[in-house]
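Accompanying notes for the structure given below.
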Amino acid sequence: MTRGTEAGGDGGNWERRVQLAAHPLAYPLVRALALVGPVVRVPRVGVVVSDATLARAVLTDTAAFTKTGPGSPADLWTPVVGPSVLLNMEGAEHAELRRRLADLFTPRAVADLVARSSASLTIGRPLDVVALTRQLAGAVIAELVGLDPDLAAAPAFAAATAVTGQVRLARPRLTPSQVARARAALAELTEPADVAYRAGDPVTVPGRMRSLGLSEDESRGAVAAFVLTGTETLVSFVPRLVALLFDTGWLDRLAVEPSRADDVIGEALRVTVPSPVMLRSVSAPARIGTLAVRPGERVVISTVSAARALGGFDPDRPHPPHLRRLWFGAGPHFCLGMPLAMAEIHTVLDAVLAAHRDRPWRIVRRRAARGVLVPAYRELVLDAA
Ligand code: HEM
């Protein structure tokens with residue numbers, strides 16, 4: 001059992017353990033490259049960018065950098081999910097699909113969705129924050145694809161990890177058997193979504209997508225995108241947020257100053273970076289800082305290095321403009337689900353804080369997840385102090 005509370009520290013020890021358990025070799029390599037320089041060409045990996053300003057320049061320069069070329073996210077995902085999944089699209093088609101999906105992520109739509117999905121959450125003691133977040137994130141995805149959240153929450157998360165668990169930084173493509181496994185896992189969610197689309201009931205999200213003018217393929221692609229992007233990031237982030245609050249003494253402070261929640265969440269996102277790298281392919285000759293890059297090269301943006309350059313967890317220090325929300329991306333692919341992610345994060349944090357005010361928590365057990373794509377706790381168990 002791990003008491004695990006070094007209140008007053010910056011939470012860095014456990015954060016490092018979580019990162020290393022996921023990527024024992026790639027994490028130290030990527031972090032060390034930031035010391036070598038802001039842009040470094042690494043054989044078999046690509047051009048690694050560790051600086052926030054340069055990262056933003058790459059993400060917003062759509063003439064020279066794309067998500068659809070060699071070594072890009074499209075190379076990874078298209079064989080699994082098909083060609084129209086936002087995260088493997090570019091240009092006018094991409095912008096048009098995003099425009100049509102925007103309605104699903106208005107503050108009102110997101111608040112309704114999270115309220116419906118969290119209705120059956122219970123805050124018992126002991127409480128595993130990983131299991132709780134997995135249940136909420138899975139229920140949200142189930143609602144999004146038109147399934148009963150009580151039945152589909154677990155399959156939603158399992159499908160996402162079955163796909164992403166096979167990806168590694170130095171392995172830009174999946175093998176045919178990995179593609180087959182990933183497709184089968186995802187089909188458990190996309191098939192019911194197709195049924196909901198055909199039924200056209202606007203209470204379900206696929207039904208709404210149909211009334212928004214999306215084709216069946218676009219609707220299935222959007223569902224796949226939500227499953228891939230919207231579960232593991234949250235199941236990674238929320239327990240790491242709660243652990244950081246314990247380790248730094250901020251849980252007690254937040255319990256009496258709840259108005260600081262946004263600062264604390266923003267700073268925890270900067271320190272944890274649930275989506276630690278972003279990939280692009282060079283589509284036209286360009287420069288990243290002083291380094292000339294050629295079409296076909298792969299660019300690995302180390303968001304984690306760019307964000308961590310500011311230092312340890314400190315919600316009292318404002319973020320400089322070049323870092324602003326970089327953990328949600330920048331430019332045309334900026335995270336579409338950010339409002340939904342924030343609503344889910346607030347829901348779990350509010351519930352943990354309310355129970356803490358009632359009767360303080362302590363961490364009784366925690367374990368980092370091994371061999372996963374998105375660094376995370378395997379469990380983070382709280383109980384009454
Ligand atoms: C803390 C949680 C989350 C983080 C840190 C996060 C981060 C990101 C990042 C960095 C990107 C851009 C990747 C790139 O440009 O290569 C992205 C894109 C995206 N995210 Fe999130 N995300 C989170 C939660 C969610 C949720 C809950 C959803 C919705 C279900 C979601 C849906 C999307 C979609 C659809 C895209 C693709 C947008 C596009 O390509 O146009 N995300 N996310």
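Every number for a ligand or one of its atoms is a count from 1 in the order of the listing. Quick caveat: nothing in here was measured; it's all calculated off a predicted structure.
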- Take every heavy atom of Arg280, measure it against each atom of ligand 1, and state whether any distance is under 4.0 Å. yes
- Item | Option with minimal heavy-atom separation from atom 9 (C) of ligand 1, where the choices are Phe105, Phe237, Phe328, Phe334 | Phe328
- Query: Between Ser219 and Ser215, is there a donor-acceptor pair closer than 3.5 Å when you use the side chain of the first and the backbone of the second?
  - Reply: no
- Separation of Arg56 CZ from Leu323 CG (nearest 0.5 Å): 7.5 Å
- Is the closest side-chain heavy-atom distance between Arg294 and Val282 below 4.5 Å? no
- Which class fits the ring pair Tyr377 and Trp14: parallel under 30°, tilted 30 to 60°, perpendicular over 60°? tilted
- Query: Are Arg100 and Glu218 close enough for a salt bridge, meaning some N to O gap below 4.0 Å?
  - Reply: yes
- Where is the nearest protein heavy atom to atom 26 (C) of ligand 1: which residue, which atom, and how far? Gly230 CA, 3.5 Å
- Query: Any N or O of Trp327 that comes nearer than 3.5 Å to an N or O of ligand 1?
  - Reply: no
- Item | Protein heavy-atom partner closest to atom 19 (C) of ligand 1 - residue, atom, separation in Å | Cys335 CA, 3.7 Å
- Check whether any N or O atom of Glu344, backbone or side chain, sits under 3.5 Å from an N or O atom of ligand 1, and answer yes or no. no
- Give me the ring orientation class for Phe105 and Phe226: parallel if the planes are under 30° apart, tilted from 30 to 60°, perpendicular past 60°. perpendicular
- Considering heavy atoms of the protein only, find what lies nearest to atom 23 (C) of ligand 1 and give residue, atom and distance to 0.1 Å. Thr233 OG1, 3.6 Å
- Task: Would you confirm whether Arg365, through its side chain, and Leu382, through its main-chain N or O, come within 3.5 Å as a donor-acceptor pair?
- Result: no
- Message: Among all protein heavy atoms in this structure, tell me which lies nearest to atom 28 (C) of ligand 1, with the distance rounded to 0.1 Å.
- Response: Gly337 CA, 3.5 Å
- atom 33 (C) of ligand 1: the protein heavy-atom neighbour that sits closest, reported with distance to 0.1 Å: Thr229 OG1, 3.2 Å
- Query: Among all protein non-hydrogen atoms, which one is nearest to atom 1 (C) of ligand 1, and what is the separation to 0.1 Å?
  - Reply: Leu269 CD2, 4.0 Å
- Query: What part of Arg98, side chain, backbone, both or neither, has a heavy atom within less than 4.0 angstrom of ligand 1?
  - Reply: side chain
- For Lys67, the atoms of ligand 1 under 4.0 Å from one of its heavy atoms are 13 (C), 14 (C), 15 (O), 16 (O)
- Looking at Trp250, does the NZ or CZ of Arg260 lie under 6.0 angstrom from its six-membered ring centre and within 45 degrees of the ring axis? no
- Is the shortest distance from a Lys or Arg side-chain nitrogen in Asp247 or Arg366 to a carboxylate oxygen in the other one below 4.0 Å? yes
- Query: Hey, does His94 sit under 4.0 Å from ligand 1 if you only count heavy atoms?
  - Reply: yes
- Item | Heavy atom of the protein closest to atom 39 (C) of ligand 1 (residue, atom name, distance) | His333 ND1, 3.3 Å
